[in-house]
Amino acid sequence: MIDIRAHRDWRGLLRWLPLVLIPVLLLASTYPDQYRVPPHYWLLAMAAAVVFLAGSRWPLAVSIVLSGLAVPMLRTDAWGVSGLVPYLGAVALVDVVARTHRWSTVAVATAGWAAAVGLGRVGLHDNSIGRASTLVEAASYVGLPLLLGLYLRGQRDLAQNLRLRAVEAQARTRLDERAALARELHDVVAHHMASIILRISVAGHVVREADPRVVTVLDDVRTTAADALADIRRLLAALRDPALGTVALVDTDAVATEIDAALARVRAAGFTVDGSRDTDLAGLDAISRLTLLRLVQESLTNVMKHADRDVPVRVRVGGRDGGTVLEVVNGGRETAAPPGHGIVGMRERAELAGGTLRVGAEERAWVVRAWLPAAVRTEEPA
């Protein structure tokens, strides 16, 4: 596995390389009694090295500044390897092109460096082809960094696409493994549980006239096994659903605590919240409890994003029609809370738990109503 942090550390160290390398180039171009780098050239060169350090945060601004500093350095009669210092602007151009897909940014950086090369080199040729030579140099000094930046950007995009494909392939493999595990559990565990329920039911009919205590025990065992089979089937459905499989199931007390915490967060955001809970959440199975909690959290998140703080928020969790009803009423507007991915996910969760969800505007309010069935007791299998 590639260590991204180590890669970034190396890139950070490369930012400091000109600050070390430029003084070496300038000293290497200084010979006693023959040639000395002018003081202003030293100042411009070191300023360029310092500015280059900020390229990771402001690449376009650094490219423009380095292009401006390159003009007087190109106009100076530099001798030896010190003449390479102005072309730090070309490196900055490569950095800009490799980092962004915005052609306006690329055009500004390219134009700045092209202008620097043109202003720095024009008039320095004394022969008759001076202008043509300047154009050729400008095309080379600008075109090559531009092509190199485009190549590096393409390689970066290719590596990113390969990483995304690898992640998708890994996720697909996990989904296939989860589906295979769900099939195995269904074929083995659920089959045996159904067989146990059937045999206990038959035994109950056979000994119906025997000791009532035996019948009571058998009925209790059958009911417990039926409840376990219902939970297994719900858990198999959750195993096939990656959204539910990535979170932990919660017990009854935890659901009530988390709902109260969600209401407290909405109050802390400046809303007036009227919350009531007049039903026993113990009647819900594991998947329905988790679904109820997620519906409350998602609904209140939408309230904080879209609703009017001047309108009180009413949250009610109660029992009705053999199940649990959730109702969230707030002062949101129909146009302010479009049916995005959050509402789609809420509806999918409710359907997975065997319930229903309705979301929409009612009488100048935005209403979320959900119904979740109570724990279903499996009937005797045929």
Side-chain angles (χ1 to χ4, degrees), residues 231 234-235 237-238 241-375:
D231 285 339
R234 293 289 182 87
L235 290 173
D241 178 37
L244 287 179
T246 55
V247 295
L249 302 182
V250 290
D251 56 20
T252 304
D253 295 336
V255 172
T257 302
E258 291 297 328
I259 290 177
D260 293 339
L263 295 176
R265 285 193 293 270
V266 179
R267 292 190 181 98
F271 291 86
T272 301
V273 181
D274 178 16
S276 63
R277 187 175 65 251
D278 55 2
T279 184
D280 185 8
L281 300 181
L284 298 175
D285 58 24
I287 299 301
S288 295
R289 289 196 300 269
L290 178 63
T291 302
L292 175 63
L293 175 59
R294 293 296 181 257
L295 292 180
V296 172
Q297 291 174 335
E298 183 67 25
S299 300
L300 294 180
T301 298
N302 291 335
V303 166
M304 290 187 288
K305 288 182 179 179
H306 307 292
D308 186 359
R309 284 180 170 80
D310 296 331
V311 179
V313 180
R314 186 173 74 252
V315 180
R316 177 179 174 270
V317 179
R320 192 186 68 187
D321 299 335
T324 300
V325 175
L326 167 66
E327 185 179 71
V328 180
V329 182
N330 61 84
R333 297 181 298 276
E334 185 175 5
T335 57
H341 296 288
I343 296 178
V344 173
M346 293 167 62
R347 183 169 289 108
E348 291 176 350
R349 285 183 180 273
E351 293 175 354
L352 178 63
T356 59
L357 177 72
R358 290 187 300 171
V359 180
E362 296 182 8
E363 299 179 356
R364 299 181 181 179
W366 190 261
V367 182
V368 176
R369 285 192 179 91
W371 176 83
L372 299 174

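- For R267, there are no salt bridge (Lys or Arg N to Asp or Glu O under 4.0 Å) partners at least two apart in sequence or on another chain.
- The closest donor-acceptor contact from the side chain of N330 to the backbone of V313 lies at 3.5 Å or more, if one exists at all.
- Distance check, rounded to the nearest 0.5 Å: CG of D310 to CZ of F271 gives 9.5 Å.
- Here the closest non-hydrogen pair linking L293 and V255 is CD1-O, 4.3 Å.
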Run the side-chain donor-acceptor check on residues 350-359: report pairs under 3.5 Å with partners two or more places apart or on a different chain.
none

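- Between R309 and M304, the shortest heavy-atom contact is NH2-O, 4.5 Å.
- Distance check: H306 NE2 to T301 OG1 gives 9.5 Å after rounding to the nearest 0.5 Å.
- For the pairing with V317, the side chain to side chain contact (heavy atoms under 4.5 Å, CB included) check across L292, L372, V328 returns one residue only, L292.
- The salt bridge (Lys or Arg N to Asp or Glu O under 4.0 Å) search around D260 returns R277, not counting sequence neighbours.
- Summarising the geometry, atom CD belonging to E258 is positioned 8.0 Å from atom CZ belonging to R294; distances are rounded to the nearest 0.5 Å.
- For the atom pair L295 CG and T324 OG1, the distance stands at 11.5 Å (nearest 0.5 Å).
- Closest non-hydrogen pair, S299 versus V368, comes out as OG-CG1, 3.6 Å.
- Listed by chain and residue number, E327, E362 satisfy the side chain to side chain donor-acceptor pair (under 3.5 Å) test with R369 (two or more places apart in sequence, or in another chain).
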